[in-house]
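Beneath this line is the structure, given in structure tokens, with notes to follow.
For ligands, and for the atoms within them, numbers begin at 1 and follow the listed sequence.
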Amino acid sequence: MCGIVGYAGDKKAQPILVDCLKRLEYRGYDSAGLAVVNDGVQVYKSEGEITALETGMPSMEGTVGIAHTRWATQGKPTAENAHPLQGCGGKVAVVHNGIISNFMELKESLTSEGHEFSSETDTEVFAHLVEAEYEDGDLLEAVRRALKRVDGTYAFAVVARGRDEVVAARNESPLVIGLGDGENFLASDVTALLKYTNRMVHVMDGEVVRLTKDSVSIVNAEGAPVVRAPERIAWSLEDAEKGGYPHFMLKEIFEQPAAIHDSLLGRIGTVEGDESFLDDSSFSSVKIVACGTSYNAGLVGKYIIEELAGIPATVQISSEYRYSAAARENPLVVLVTQSGETLDTIAAAREARKRGNHTVAIVNVTGSAITREVDHVIYTRAGPEIGVAATKTFVTQLIALYLLAIELGSKSRTLTAQARRSVVGQLRNLPRAVQDVLNQAETIEAIADKYRDARDMFFIGRNIHYPIAMEAALKTKEISYIHGEGYPAGELKHGPLALLSKDTPVVAIVSRDHTYEKMIGNISEVSARSSPVVAVANDDDTEIGKFADEIIYLRRIPSLFSPVPVIVALQLWAYYLAKARGCPIDKPRNIAKTVTVE
Ligand code: M6R
């Protein structure tokens with residue numbers, strides 16, 4: 001998982017490449033590098049973040065180049081293993097996002113032909129292969145021939161000595177072309193290019209692209225020309241930048257009222273006028289498949305679908321689904337992924353189709369890989385999310401799941417017109433409920449600050465708030481590095497209570513619904529072990545003060561909808577813990593925004 005950039009124009013390539021690379025840093029940041037075509041191919045790379053690359057980087061002349069920011073998969077994060085990589089003749093330079101699965105056998109065969117390797121990476125084999133094929137001076141053909149020997153996933157970009165072009169290819173790793181005037185661009189993600197253009201062409205699997213300053217040509221795997229109209233991306237550059245917040249994560253948390261609003265826009269009104277996400281088939285069950293935060297959204301979705309549509313729903317981690325036995329029934333399979341590029345989830349989508357299931361993807365990124373793998377797409381419309389920790393994409397995934405449940409419930413006639421109206425009314429109120437939480441950010445910061453030194457933390461909830469406890473734990477561990485565990489509150493007594501002490505704060509989500517009495521009992525169990533309790537409770541709960549040490553009060557709304565405001569409060573909780581501990585909030589160690597390896 002890495003970010004790649006390419007540029008061909010009449011401006012100096014170096015500053016443009018570095019600028020675009022910075023916008024891709026969320027994809028990986030353990031080393032970086034660039035190659036610019038001038039008399040030869042000038043390569044500069046270094047270990048560490050892009051700021052480390054800039055320190056000591058010589059000025060490079062040339063108007064064509066490629067660049068890379070790396071998240072190591074094959075070979076340690078060192079300058080030698082940083083991209084671009086070259087063959088032994090130094091004639092070409094290659095950047096790559098993905099994994100060449102047959103690289104060991106290719107490396108052996110190339111070594112026996114006399115090629116010498118200078119890195120531990122899988123990518124270097126491709127540089128040697130292209131160089132070996134490049135004799136006739138046609139770079140695109142050389143890349144196509146080299147690709148025939150490669151198995152695996154990739155977005156490659158290649159430059160060659162004396163050529164004013166960038167050649168690129170894609171298989172299962174994101175790649176987009178940006179069209180400018182007298183200049184053209186390539187990148188792993190549209191956000192890298194928005195400063196320069198909003199006219200984009202998505203490259204598809206198997207395609208090879210040639211980019212010069214005034215032309216872009218695409219051929220398919222068979223070498224036939226491909227014509228694809230550019231899309232105009234509505235995201236502004238400002239959308240993709242921090243907008244005055246200290247971190248993208250905080251900006252994205254505060255964007256949630258608008259994101260929910262956009263997500264609902266035009267989708268709920270009269271039953272007849274609503275956007276439909278399904279064909280006419282009826283489904284007797286739903287299987288939700290996802291990873292990480294998207295999986296937690298799926299867990300909440302299970303409660304929503306079962307409640308509104310009366311259909312049983314199961315949830316499975318993508319990387320497990322693939323290897324599980326096919327169910328006897330024919331469920332609707334819902335793939336949830338903010339990026340649309342998570343390889344585990346894409347593989348699951350393919351498996352679902354192989355099993356003959358109808359598939360729906362809930363996804364944020366327009367035109368991302370998963371959208372081509374499923375029967376229907378529900379876009380979450382959260383806008384670009386740059387912080388590695390998913391926030392607004394999680395909340396809008398929940399919105400999409402409510403919308404899907406409404407459609408399923410309406411189709412199965414489980415949801416009466418009156419019940420539907422009431423659900424729609426509750427959804428319309430969510431932006432305001434979230435804004436109320438955001439208005440309490442300072443209170444949440446003050447409480448979080450008291451627990452900044454905790455090593456472990458438990459999060460408990462019941463029913464629909466149990467997956468919210470899981471998501472709060474994931475957010476907390478991901479960005480503050482405090483070990484967090486999310487549990488169904490009734491489950492602590494079956495083991496985890498052994499870990500509680502005065503140094504183990506417990507965050508309890510307490511809803512004034514049918515779970516309330518039991519939840520209070522669970523909190524008492526916790527207090528009896530001297531653990532401090534922070535309750536996220538309803539503002540009309542007059543009893544909770546007797547049981548909790550700290551309370552974050554939220555306006556009471558029906559439990560089916562309260563996961564949305566509750567998670568916003570706990571996103572702020574995780575954010576302020578991380579801030580107090582001085583953590584690199586937008587780029588936590590060891591993880592990346594988009595995980596394109598299995
Ligand atoms: O793009 P996806 O939603 O498929 O990503 C899945 C996970 O990698 C992602 O949710 C991850 O857990 C987040 N960084 C958590 O904040």
Side-chain angles (χ1 to χ4, degrees), residues 1 3 26-29 71 172-174 188-189 191 247-250 252-253 256 288-301 315-322 334-349 360-371 373-374 377-380 382-401 459 467-468 470-482 484 486 567-568 570-575 577-578 583-598:
M1 172 162 21
Y26 69 91
R27 298 182 67 87
Y29 32 82
W71 184 75
E172 297 193 5
S173 291
S188 301
D189 191 326
T191 55
H247 297 98
F248 281 114
M249 183 182 176
L250 192 63
E252 288 154 7
I253 290 173
Q256 292 180 111
I288 304 174
V289 185
C291 312
T293 285
S294 300
Y295 171 76
N296 291 337
L299 290 175
V300 182
V315 193
Q316 202 162 13
I317 295 273
S318 307
S319 54
E320 290 298 314
Y321 169 77
R322 214 180 153 184
V334 181
L335 294 307
V336 187
T337 164
Q338 75 78 22
S339 62
E341 301 287 349
T342 299
L343 202 49
D344 285 327
T345 307
I346 290 171
V360 175
I362 293 179
V363 61
N364 192 44
V365 180
T366 317
S368 56
I370 200 141
T371 61
E373 303 285 347
V374 293
V377 177
I378 307 178
Y379 281 113
T380 49
E385 187 178 73
I386 307 295
V388 166
T391 52
K392 60 178 178 168
T393 54
F394 174 78
V395 158
T396 53
Q397 285 169 348
L398 297 188
I399 299 299
L401 286 160
F459 295 83
I468 293 300
M470 304 250 303
E471 173 58 9
L474 176 58
K475 274 312 70 105
T476 299
K477 70 181 98 167
E478 181 179 26
I479 60 165
S480 75
Y481 308 154
I482 294 173
I567 194 56
V568 174
L570 293 173
Q571 290 166 350
L572 287 168
W573 169 263
Y575 173 83
L577 281 172
C583 297
I585 293 175
D586 285 331
K587 293 184 288 182
R589 68 186 176 210
N590 299 341
I591 49 176
K593 182 79 183 159
T594 310
V595 184
T596 49
V597 289
E598 277 186 89

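- Nearest protein heavy-atom contact of atom 4 (O) of ligand 1 is Thr342 OG1, 2.5 Å.
- Judged purely by distance below 3.5 Å, without hydrogens or angles, the side chains of Gln338 and Ser294 never pair a donor atom with an acceptor atom.
- To the nearest 0.5 Å, atom NZ of residue Lys475 and atom CG of residue Asn296 are 8.0 Å apart.
- Side-chain atoms of Ser339 and Lys593, non-hydrogen and from C-beta on, never get closer than 4.5 Å to each other.
- Thr293 N, 3.1 Å is the protein heavy atom nearest to atom 10 (O) of ligand 1.
- Rounding to the nearest 0.5 Å places OG1 of Thr371 at 13.5 Å from CD1 of Ile378.
- Paired with Leu335 under the rule side-chain contact (heavy atoms from CB on, under 4.5 Å), one option of Val360, Val377, Thr345 passes, and it is Thr345.
- Nearest protein heavy-atom contact of atom 3 (O) of ligand 1 is Ser294 OG, 2.6 Å.
- Note that OG of Ser480 and OH of Tyr575 are 13.0 Å apart. Values are rounded to the nearest 0.5 Å.
- Residue Val336 has no N or O atom closer than 3.5 Å to an N or O atom of ligand 1.
- The closest protein non-hydrogen atom to atom 16 (O) of ligand 1 is Glu478 OE1, 2.7 Å.
- Between the side chains of Thr393 and Glu385, at least one donor-acceptor pair of N or O atoms lies under 3.5 Å.
- For Ala472 against Phe459, the heavy-atom pair with the smallest separation is CB-CD2, 3.7 Å.
- Residue, atom and distance of the protein heavy atom nearest to atom 6 (C) of ligand 1 are Cys291 O, 3.4 Å.
- Ranking protein heavy atoms by distance to atom 1 (O) of ligand 1, first place goes to Ser339 OG, 2.6 Å.
- When only interatomic distances are considered, the shortest N/O to N/O separation between Ala390 and ligand 1 falls below 3.5 Å.
- Below 3.5 Å of separation, one finds an N or O of Gln338 facing an N or O of ligand 1.
- Among all non-hydrogen protein atoms, the one lying nearest atom 8 (O) of ligand 1 is Val595 CG2, 4.0 Å.
- Heavy atoms of Lys475 approach ligand 1 to within less than 4.0 angstrom.
- Shown in contact with Ala389 at under 4.0 Å from a heavy atom are these atoms of ligand 1, numbered in order with element: 16 (O).
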